[in-house]
Structures are given as structure tokens and as C-alpha cells.
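In this text, all values refer to a predicted model and were calculated from it rather than measured experimentally.
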Amino acid sequence: MGSKVNITVGSNVWVEDPDICWVDGEVVKINGEELQIKTTNGKQVTASRSKIYPKDMEAPDGGVDDMTKLSYLHEPGVLQNLGTRYSLNEIYTYTGNILIAVNPFQRLPHIYDTQMMNHYKGAALGELSPHVFALGDVAFRAMMNEGKSNSILVSGESGAGKTETTKMLMRYLAYLGGRAVTEGRTVEQQVLESNPVLEAFGNAKTVRNNNSSRFGKFVEIQFDKRGRISGAAIRTYLLERSRVCQVSDPERNYHCFYLLCAAPKEEVEKYKLGDPKSFHYLNQSNCYELVGINDAQDYLATRRAMGIVGISKEEQDAIFRVVAAILHIGNIEFSKGQEVDSSVPKDEKSKFHLQTTAELLMCDPVALEDALCKRVMITPEEVIKRSLDPRAATVSRDGLAKTIYSRLFDWLVDKINKSIGQDPNSTCLIGVLDIYGFESFKTNSFEQFCINYTNEKLQQHFNQHVFKMEQEEYTKEEIDWSYIEFVDNQDVLDLLEKKPGGIVSLLDEACMFPKSTHETFSQKLYQTFKAHKRFVKPKLSRTDFTIAHYAGEVQYQSDQFLDKNKDYVVPEHQDLLSVSKCSFVAGLFPVMPEETTKSSKFSSIASRFKLQLQQLMETLNSTEPHYIRCVKPNNLLKPAIFENTNVMQQLRCGGVLEAIRISCAGYPTRRTFFEFISRFKLLAPEIVKANDAEKVVCSKILEKMGLTGYQIGKTKVFLRAGQMAELDARRAEKLSNAARTIQRKIRTHISRQHFLALRTTAILIQTLWRRRLACKIFENMRREAASIKLQKNLRRHLCRKSYTRVHFSALTLQTGSRVLAARNDFRFRKQTKAAKIMQAFWRCHLAYSYYKKLKWAAVLTQCRWRGRLARKELRKLKMASKETGALKEAKDKLEKKVEELTWRLQLEKRLRTDLEESKDNEIAKLQQSLQEMQERIDETNNSLIKERETAQKAVIEAAAAASVVKETPVTVEDTEKIETLTAEINNLKASLESEGQRSDEWERMYKEAHESSEEKHRKLEETERRVHQLQESLNRLEDRLTNLESENKVLRQQAITMAQNNKLLAARSRSLMQRTESTRSVELRNSTSLHVKDPSEVEGRAQKALNDKQQENQELLIRCIAQQLDFAKDRPIAACIIFKCLRHWRSFEVERTSIFDRIVQTIGHAIEAQDNNDTLAYWLSNTSYLLLLLTRTLKAGGAAGIPPQRRRPSSGLFRNLTLTFRGLPRGVDLSSIDGETNGATNSSLNQIEAKYPALLFKQQLTAYVEKIYGMIRDNLKKVISPQLGSCIQAPRKVSSISPGSPAASQALFVHWKEIVQNLSNYLNMMKAHYVPSFLIRKVYTQVFSFINVQLFNSLLLRRECCSFSNAEYVKAGLAELENWCFDANEEYAGSAWDELKHIRQAIGFLVIHQKPQKTLDEVSHDLCPVLSIQQLYRISTMYWDDKYSTHSLSPEVISNMRVLMTEDSNNAVSSSFLLDDDSSIPFSVDDLAKSIEKISISEIEPPPLIRDNAGFSFLLEA
């Protein structure tokens, strides 16, 4: 795949390795064409120069998303790129417009959710990361734009993910165009549900795969003119029929045979089956079971799947009856008969299977035997019946089995297609082809020959498409490509299919001759193709032959070629089964035309295979092809395992390497001017500085390097194979020279530093030595002074010692004398203290006796006093119980009110029938509440009586328990005899103990009585609390009745007003409502009778009372506000004029008016032009200000007389803008209308009791504020959206040519400056129209959130945006936005800067250095706390440093992230890493009202149109 490259010592190269396919290493020695390489796994290998490939050391750590961007497009480069991306869970990679999908063997829900579909919708191929959605989108857009059908060829071996890829394709196509649902299931679901059935009857175990498809499947997804999925069809091709009768070891036959043998016992007995080893069609191989597969469970799953796709139970039984019959047919053996060349069933076993086959197929056993053993020949003279020999009968038997199975498979496909449903009117479709891949085993027979023949045809189609794409690329870049040779495999196809000398033709010819054998067939091949370069005769075999396919040489064994190719169409078989009593079997063999049934015809399987293959290619050629190559990374089917050898074999068989060879035949290396200059500008820096045109710079660099054969396109440099390596070698050489220069300078610098250090050290040593000598002299002087001082101190010590000895002797004598005197004094004091203690104990006894007497007297006094207090409390409880009578009076009063309310509701029933039911229900609830209240009062009375009796008993018991404490007289005699005093003291102690015991007993009794009293007191308090709760319940009930009464007043007034519709009757109704309760009902009946008697007269008087002048004023007001008025003192004049006029005309208090309708219509007409932002800002200011005025002043009319704290909360807002103000809708409850007031109102803004039209007008204003706000916000988003797409990636031309110039800096941030300019323009526009700052903050908060979402999602989906230099560019742009927020100040910008937290943290992570030293905790908690693990993982794996060549996070951190992502995917459903844009309204009317404290309408100058009009003179008043 390349030419010779310039390899030097130290070059990094790839060399072949038997274990891991390719291994990288460094060249350590060169001996001519032999290179000695030290590999990274520690080995020392020697390889030829022609068998090694250069390694790109500057390849991104995360690989490239399109392998055409690889600097070296060769096998090891492709393999390394796929492995690197797979380790980062990047399973999709482009090779041009070919998508390679590596099966991850784990759930990755975040890359398949709706958000991801939305991002890929309409995106160009290559704009975002590789994805199956991108290829589906390209096919869909091409189909819709060009009106041409497209096809997507999904190939790969079993387990590579073809089915899952097809599923995702259909999901995305359904998302783009919508779905057609049949019986609750979508078309793509129905197609996928058919897979288990087709796999059971069309898949089998091969040498390499346990579930290999032995047929080709082409799914046609049909679309209508609007691009919606309208139907689907499954076309099958090239079923391997010969496998039914012949199976090679260790393969298996089709799954359905083994499933039926493992069916439940009753099923097996019904079909007379047994162990698979007992059937000839199955025991040709020793493999009967698959590891990890339960055939019994799969049988039940297949039956369920057949039911899902619409196959009835009877049809299922018939299908498996036919499958069982095929197994029994295989066990029919033949032997020679009595006649010459005749045959009969061999034994009783064969006859049993013959009889069983006839029973299962419901045909005559004798006719079945004749159909197998005899042939009918029709001649012009007579009909001749000829017998067959045993060999021919066996061939006839196998032909019948293959025909039955083929017809059965075709029936299943037709049944599935009918179940799915096709659109006959569809003109466009997208086809998805799923077909078996290239096969090469140790033993390759006729099946592998047909399969590889198919893949050769598909590979030619693939090569033509790849070469076409190459041509389009060259044409687009306007380069000369006419001399490029196309790598084609037509010679192989001629070898296989050319007539008359192809292998297929020779095989058919051999099959037609009865005496032909595989030896003669092989010899014919050897003679015919002995000079063909693609045909090889093996040296050690006489019958094998080898064909050099595109994926490698395959040696075929021709032993069974002839037998497997024969497929006679026997009329006897057709006649036998077409008259079967089983309608299903007869349907498989419909009656054929007479001319086709005259004789047996030879039918070649290879020829039929060739015909079907031609039909498939015609279908593919009529569509625009797209290719997906699915790769199975390992045979263990486990995640995170990438087997190089296995993947390389699949890439080779899938034609990916062939496509690379085609690219290498032209210009395999393509680099944009920017990338080429960035990489090779150091080869000629003077050229880069002297020229501004990138194309000129690239051309001159290549000319200076002396390269030839390259091409310079419009945007890219095209290099021939090996030229990139030559440039890299020159670049490496120049870098090496520069490195040596740097090393020389560094070594000079190091030597100089070393010399200076030595000189400094010498000076320091000299200084230290001189200091040492001075220290020694000083030490001698110090020792001499110290010796003199020691002598002086020693003499002083001796004198001090003598003095101390004399002093101590004197002290000893003084101490002895003082001790003697102290002992005498202590003895005297001890005796005195003992006498005092005796006196103290005696006095203590006297005092304690006196204290006990006082204590018992105090206890007795307290008991009697507490008893007195308890009696007083009892009297109070009796008084409280008498007060329950007041509750009865309240109850009577409530009952009277209820009766009165009932009477009123009955009266209202005649006026408003719809309201009667709700009021009756309310009265019933009130009566029930009263009954419950009565029961509670009775319970309270009973409880009070019981508590009173209990309290009386407790007081009596407490009084009876009190008694007089007896005093024990103590006679104290003063005697001098100690014995008498001691005895008396003992007696006193005994008496004191007895008195103590009695005291403890009385204390215990008192404590019990006290506890009992406290318990009674607590019960009394609880009773009082319950009484208080009952009182509160009564109060709440009274409040509820009062509210209901007020509501009835409003409803009654509305009913009367609607019926009468004039001010006179309205005033009369209000006067009636204000009268006393005694006269209210009478007057109400009078007004009702008046209404009934003469409604036409009342209507006439109301019409006459209509004020024509007021209509003129309203018309003038509408004309006035239709003009854009100015602002006065930051207040919109139009809003203030409207509010003043409505308040003056009392429009808020009337039941019917048209002024609100006309104002709303005027606002609606004004904002119809959604792109006029000035008009939108003007009306946003006016509507918001008018809404604030209404919020501050209006209150619901039904709330009159109700305290604010008891008013019912609002139940909702009126959002329907189509409601009219001209009348009150039937059944409207005004108590549910939002009538709250916010904050303190201005002195001139008094509360107004508003009616229904006014409240509805307020809600419509709220809707218009939200609508205009959303229009301004969306317009701003629309303006900045085009710039955001350019802001995420730095302009390359500016940064590559002259990054430091002011002009380049200006051009670099032109898109950011445009965004800032647009933000400023909108801010100035809204400030000019005095839009509330609260709304401005909300606008910019949501717009900055939109910027955050767009930039962050683009960063995650485009790898080129995750570079270091690009992050610096975006960071500088974000700084522009931060400066704008600072200039706009917090009043208008608010928290807008905080909304950019995701993109700020992501960019901050990209621009930090030393990423490999960061831990996961530091990244996720310190650097990027807002970002999820999925987002961090994607950013860190997509990061590449194009400036300093630094690396991303360490592999350990990446691995930990992957583990966390795997756990999240197992524990939760989808966790998308993309952000959503919030387009909701982020505020309410309350928030808007709270944001503005002061509001006023004073000092507003009327506009000239109404200033001089007398009807608006009130506007001039203060």
C-alpha cells in the first residue's frame, strides 16, 4: 500500500508481529535493505525495508475520525486508529464516506437518543463525529433532494453488530420522516421482529460463527412523497440450498432442524422425531449443540416470533410438519430392485420414514415412492415410465428436500412482507443490505465458492464506488487524475462467471454429463486456466484448486462440487405435492403450466445463484450506495477487548483494505493548506514569512524539498505514497539539527554555570578557613578568662559553705524549742474543740426537732389551701360548662342562617338553574358539618360532666387524707451525768427515726394527691383546648358561610345584569342587594317579576341610555394608541393613557364592554411583524407597564367584604385569547379569577372591584407580555445563531499566516464581536423603549443559556473543536462576552454570565497544562464540577494539542471514567451528554410585579390627538 520511504536510524516504524499483527518500534540499525528494530514489547526483530511502514508520531492521542486524514494510510495505521478510538468508546470511524462500526458489546444509550438524532439532522457528512445517523441522514437527504433511491450496504460477520446497526438506521429514518404504524407496531419494529424467524430458517453454524447468515437480505424501506415511511419489504437472495442435504464437519445444518428436535415432548412425538444424531441430514457433522445456546428455549422463542409476524398457529404447525418431513426424507435409503437399474426402499426403517413423510406431507405413500424412484418420459409416440438406480434415487430424494425447503423459506419471506405491508405508490426507497461476508476455512467447498463469488461482485461494486468518490474528490479540487490506474477485480469475475469458459459454466457442463466426476471437473479447470494469474493449482492435491480473491487466496476442495450444484426440477415432485391434502403444502407447489411439466429439467444451483446475484447487483446499481462495515473486535463478545488479528482479517474481507489500496494508487495523503503549513512550515520559514497565500506557500515548500508527482488542489495538498514520509524525514532531520544546536547552547550554559559555581565555592572555602583561625584565637582568650573566673567562684563557694553550716545549727536549736511549745498548745486546743462539738450536737438536736414541727404544720396548711383552690377551680369549671349553652345558641343561629340561605338558593334556582345544584350540595355539606358540630358539642358536655364529678371526688379524697401531725413531747433534763444524757439521746434518736418514717409516709401520700391533682388540671386544660378548637371551627364555618353569601350576591347581581343589560336596572339591583335581610327577598321577587313581565321595554330603555359620546371617545383612544407614542419620565404614555381612560370610564366595573377587545386587537395588529424589534420592544414596555397597573389596582368583584387572609387563592389563568369581553360565559365562577394585589399601591392607584371582562383583559395582557418577550428573545437567538457556528472554531487562515498583526486579531474575533454588537444593539433598543430591567435580565439570561448550549454541544460533537489553540480562541471570545456583561452591569445582564458555566468549565479544562497529573476528583470536583462524567469523558478523549503537543488525562483517569459510565448505563436509562435549550417563559406576573416597587401615572401629558378633546379633559387633571 505504499512505496519506499526514507527510513533512518531512530525512525519509528511498524513491523509485522505473529501475535498482534503489527507492533511499533524504533530502528536501531540499518544493513542495506535489512533493518534491525527494537519493538515496544521488548523484542529485537529484523525485517526487510519493503515490509515495514512508518509510524506517525504526531497522530492525535484519540485517533482521527476519518482515516483519510491519516498521515500514513496503511494497514498498521488503520488498525492503530481503530483500536485507539475503540478504547475510548468511539465505535464509529469514517474512511472517506465509508463508515466502519466496531461492536462495543455494551450499552451506549447516550449516543442514540433523540438529542443526538436532532443534532445529526441536516448536518453534512464529516461535520460532526462519525455516526450511523450521519450516513442515514445523507441517504435520506439525497433521496428527498434528488428523488433517487439509495441503498446502505451493511456487511460484516455474525456478531459484528449488523442487526443493531440496521435497527439504528431504521430508527433514524423513522425520526426524519415519521412512521407508519400498523396494529400498534411501527414498520421498523415489524422488520426487526422478523429477524428471529429468518435466523431460525436461514442461519447455521459455520467454522467461524455460530449464527452465520446463509442468505442475503435486502430490506427496502419505502417512503411517500413527504418523506414518511409508508412500507417495507424484505428481499432475500442466494439461500444456500445445498446445506439442507450436505453438511461439513464441524458445521451444522439450519437451526430450525435442531430446534424442532429439541421441541416439547408432545411435539416431538407428533412429528415422530428423535435425537438429531438419528437423521442423515444432521449426523453428517459431529456438532449437534452450541455452547451457551438452548435449542428448546429458542424453539419457543421462534414460535412466539412467528406469531408476532402474523403466522397463525395452524400455519406454524404446517411449517414444522414440513421441516420434520424433510428430516424424514433424508433417512430414506434405496437399494437395487428386482428390475435392472431400479431401486426400492432399502429396509423397514426406510419404509417407516417414507410412510412418515407421506403422512406429514399428507400425500399418497405409493405416489411418493414412485416420485422418488421413477421418472416419466413423454415422447410423441408414448409415455414411458423409467426406473432410477439407487444413486439417481438418492439424488432425486435430495432434490426434493432442497426444493421443499427453498419453497418454505420463500413462503416465510412472502408472509413476513405481507405482515409488514408495502406501499405500491412509493417511488423512493432506502435499501439496507445485510449479506454474508467473505469466507476462508481449512476446508472450502461449493458453499464458500458461491459466497466468495458474491463478495467478489459486491467488492467490484464497492471498488467502483470508492474510485468514483476518489474521482469526485479530485475533480472537486481540480487536479489531474487521468493517469491513475484503477484497482479492479474484473479478472477474478471473468474467471468465475465468464461464458463459456468460466468456472461456473464448466461446472454446469460437468453436471450435465452423467459420468462426470470431480476429478474430471478439476482436470478441466487445470487445463483451461493453467495460465490464468488468479488460478493456482496446488502441488499436493489432484482435485483442489486455488483462486486469488481480493481478500486473499482460498483453496477449494472440489469433492462435492458436482453433487451440491445439481438441482433437478422434477415434474413428479411437483405433481405429487400440488395435490397434497394439506393446503399449506399444496400452496408451496402451485399447479405449473402444462408445457413446463413435460419432463425433468436440470437446474444448476450455481447458475441460479449467478442469476439472483445479477438481480441484486441491478438493484444496487439503480440506487445510490452507502457502505457500513461492521467489525467484531473479539470472538469473546466482551467489551474493551480489541484483537488485532481478528479485526485485520475482517477489514481485509470487508474490502476496507482494498479501498485503502485504491486510495494509495492515487493520492493517499491529503492535507489542507493550514494543516500542511502547520506541520512543515519549519522546512522553509522564510517562505512562510514572505508569502500570505497558503497555496503559494505549500507549492514553494514542496518545490524546495524537490518532490514530484504531487498535486495542489483548491484547498488541499495531494501527496503520492511515500512523499509524506519523505517530508517527515526532512522535518525530523531539521528538528534534529535544531535539537543539536539547542543542546550545544545548553551545554555551554551548563559549563559556564559549573565554572561560576566552582569559583564561588573556592572563595567560600577561603572565607571559612580564615574564620576558623580567628575562632581558635578567640577560644584561647576565652579559656584564660574562664580559669580566672573559676578560681574566684571556688573561693566564694568555700566561704559560703562554712557560713551555711553555722547557720543550720542555730536553726535546728530554734526549731526544737518551738516544736515543744506548739505541742502543748495543740493539746489544749484539741480538748477545747471536743467540748464545742458536744455542745454543737446537742443544739443541733434541739433545732432539728423544732424544724420538724414547723414542717408538718406547713404541709397541713398547704393541703388545706390547695383544697380551697381546687374548689374554686371546680366552680370555674361549672361556670364553663354553663357557657356551652352559648354554643347551642350559635348552633341555632347557624341553623337559621342555613334555612335563610336555603330559601335564597331556592330563589336563585329560578334565576340560574345551573348554579342551584352546586349550592344545594354546599348546603348539604353545611348541614352535615352542623350535625357533626352538634355531636361534638354533646360529647363535650358529657366530658365536662364526667370531669366535674372526677374533680369533686379528688378534692374530697384529698381533704380526708389530711390529718393532724402528732407531736412527740421531749422532756429535756439538764443533768451533769453523761450516762443519763447518753440514754436520753438514744431515746430521742429512736423517736426521731419513727417520726421520720411517718413523715415519709405522709410525704408519699401528699405526692400522690398532688400528682392526681395535676392530672385533673391537665385534663381540664385539654378540655379547654378542645372547646377552643370547636369555637375556631365554628368561626371558620361562619367565615365560609359569609364567603358563600358574598359569592351569591355577585352571582345574583350578574344574573340580573345579564338579563336587564342597562345601568338603571343595575343600579336598582345594587340597591336591592344592600337592603336588610327582611326586605331582600321581597324586592328580589319584584325585580324578577319585572324582568319577566316586560323585557322588551327594559331593553329599549337600556339602548336609549347608551352613551354615543363614550363610543366616540373609545374610537379616538384606539386611534391614539395605534400610533407609537413617546415616553414620559421613563413611563410609557400609551399604557398610562389607556389605564386612566379605562378607570375614568369605569370600564373595569361594568359587565359588558367592547373597549378591551379593541385594545387587544390593536396590540395584536401592531406586533404582527415579528421582525420589527423596535415595535416589539415598544409594546413590551407598554403591555408590561399596563399589566403592572392592573395588577396593583384590580381585585375580583366577588371578594367584596372578605378579609384578605381568608380569600380563596386563584385556581388558574385564562390563556385563551379568543374569548370575548362582551358577555359573561355561562357557569363562570369569579371567585377563581386571579384578583390578588401585590405590595403597597400608590396613593393614586386605589383598589378597584373589577368584573369578569376586566379580569380577562388582565390575563390577555399577561399572554401578550409573554408572547412579545418570547419573540424578542427568539429574534436575538436567530441573529446570533449564524455567528455561533463560527465562534466554536478559530479561523485557520488568519491564525496560520499572520496571527500577531492587528488586522488578523480583528478578523480573528470578528464573529465574537458581531455577537457582542448584536447583544448591545438589542440592549440599547430595549433601554430606549424603557423595557423593565427585570425582563431585559431574563432575555439575556436565556440568550446566554442558548449560547452555552450551542457552543457546548458543538464542542462535544466536533473533534476539531477540542484542540488547545481552539480552546484559547473560544476562551478569548468568552472574555469578550464577560466584558460585555461587565459593561452592561448587573441591572441588565443579571446572572447571564453564570449561564455559560458549561462551556467555561470545558474550555478551562482544555487550556490547562499538565492534564496527565490531574486526578479524577480534581477534574470532576474542582475544575469542572458542573460537567457530568459522560461529558468529561468525551472532552478528554477528543482533546488534542495542536500547539504544544501535550496530552490529555492519564489512562488511569480515563479508565475510571469509563467504569463510572458503565455503571451509570447499567443503573439508569439514557444519560445524554448533550444540553437542552430551554425556551419556556422564565417569569410570572408576580415576579414582574415584585421587581418594580414604585409605579405612578401622574404628570402624563396627553398626546395632541386627544389633548384638546373635552371628553379627555380628565387627563389634564392632577
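- Rounding to the nearest 0.5 Å gives a distance of 13.0 Å between CD of Glu1376 and CH2 of Trp1380.
- A distance-only check finds a donor-acceptor pair linking the side chain of Thr760 to the backbone of Leu756 [under 3.5 Å].
- Under the 3.5 Å distance criterion, the side-chain polar atoms of His807 are left unmatched by any main-chain donor or acceptor of Tyr803.
- Lys1490 is not listed as a side-chain neighbour of Phe1334, based on a closest heavy-atom distance of 4.5 Å or more.
- Checked for salt-bridge contact, Lys1371 and Glu1368 miss the test: no charged N lies under 4.0 Å from a carboxylate O.
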Task: Criterion side-chain contact (heavy atoms from CB on, under 4.5 Å) on Gln839 and Arg843, from CA distance to verdict - done: CA-CA 6 Å; Gln839 293 174 1; Arg843 292 183 185 123; 3.8 Å; yes
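- Across Leu1406 and Ala1367, no two heavy atoms sit closer than the pair CB-CB, 3.5 Å.
- Taken from CZ in Phe1344 to CG in Leu1377, the straight-line distance is 5.0 Å, to the nearest 0.5 Å.
- Remark: the backbone N or O of Phe828 is paired with a side-chain donor or acceptor of Thr832 at under 3.5 angstrom.
- Between Ile1408 and Lys1411, the closest heavy-atom pair is O-NZ, 2.7 Å.
- Counting heavy atoms from C-beta on, the side chains of Val1426 and Gln1431 never come closer than 4.5 Å.
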- [ ] Would you check, one step at a time, whether the test side-chain contact (heavy atoms from CB on, under 4.5 Å) holds for Trp1393 with Glu1386?
- [x] CA-CA 10 Å; Trp1393 175 246; Glu1386 189 175 356; over 6 Å; no
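- In this structure, the side chains of Leu1374 and Arg1400 come closer than 4.5 Å at one or more pairs of heavy atoms.
- Checking side-chain atoms of Glu1418 against main-chain N and O of Thr1415 turns up a donor-acceptor pair under 3.5 Å.
- Side-chain contact of Ser1391 with Tyr1340: a donor-acceptor pair under 3.5 Å is absent, judged by distance alone.
- Atom CD in Gln1413 sits 8.5 Å away from atom OG in Ser1450 (nearest 0.5 Å).
- Between His845 and Tyr850, the ring center distance fails the sub-6.0 Å criterion.
- Here Gln106 contributes atom CD and Arg1458 contributes atom CZ; the two are 8.5 Å apart, rounded to the nearest 0.5 Å.
- From Leu1432, atom CG reaches atom CG of Leu1416 across 8.0 Å, with rounding to the nearest 0.5 Å.
- Using modelled atom types and a 3.5 Å distance limit, the side chains of Arg796 and Asn793 yield a donor-acceptor pair.
- Listed for the Ser817 side chain is a donor-acceptor partner under 3.5 Å among the backbone atoms of Gln814.
- By the 4.5 Å heavy-atom criterion applied to side chains, Leu1427 and Ile1435 are counted as neighbours.
- More than 12 non-hydrogen atoms from other residues, nucleotides or ligands lie less than 6.0 angstrom from CD of Gln791.
- Of all heavy-atom pairs spanning Ser1333 and Glu1387, the tightest one is CB-O, 3.6 Å.
- Here the side chain of Asn1366 pairs no donor or acceptor atom with the backbone of Cys1362 at under 3.5 angstrom.
- The closest side-chain heavy-atom distance from Thr761 to Leu764 is not below 4.5 Å.
- With hydrogens and angles left out, the side-chain atoms of Thr39 and Asn41 include a donor and acceptor closer than 3.5 Å.
- Using a 4.5 Å cut-off on side-chain heavy atoms (C-beta onward), Lys872 and Arg875 make contact.
- Of the possible donor and acceptor atoms, one in the side chain of Asn1348 sits under 3.5 Å from a partner among the backbone N and O of Ile1399.
- Considering only heavy atoms from C-beta on, Met1457 stays 4.5 Å or farther from Thr1437 through its side chain.
- The CD atom of Gln743 sits 11.5 Å away from atom OG1 of Thr748, with the distance rounded to the nearest 0.5 Å.
- Here the closest heavy-atom approach between residue Thr1341 and residue Ala1389 is recorded as OG1-O, 4.4 Å.
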- [ ] Step by step, work out the side-chain contact (heavy atoms from CB on, under 4.5 Å) result for Arg868 and Trp865.
- [x] CA-CA 5 Å; Arg868 183 179 178 185; Trp865 178 252; 3.2 Å; yes
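- Remark: the backbone N or O of Leu1356 is paired with a side-chain donor or acceptor of Arg1434 at under 3.5 angstrom.
- The closest side-chain heavy-atom distance from Ser1436 to Phe1405 is below 4.5 Å.
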TODO: Tell me, with the steps shown, if Val1453 and Lys1414 meet side-chain contact (heavy atoms from CB on, under 4.5 Å).
DONE: CA-CA 8 Å; Val1453 175; Lys1414 301 296 182 181; over 6 Å; no
Open item on the list: Could you go through Thr1446 and Tyr1439, starting from their C-alpha distance and side-chain angles, then the distance that decides it, and tell me whether this counts as side chain to side chain donor-acceptor pair (under 3.5 Å)?
Closed with: CA-CA 10 Å; Thr1446 60; Tyr1439 168 78; 3.0 Å; yes
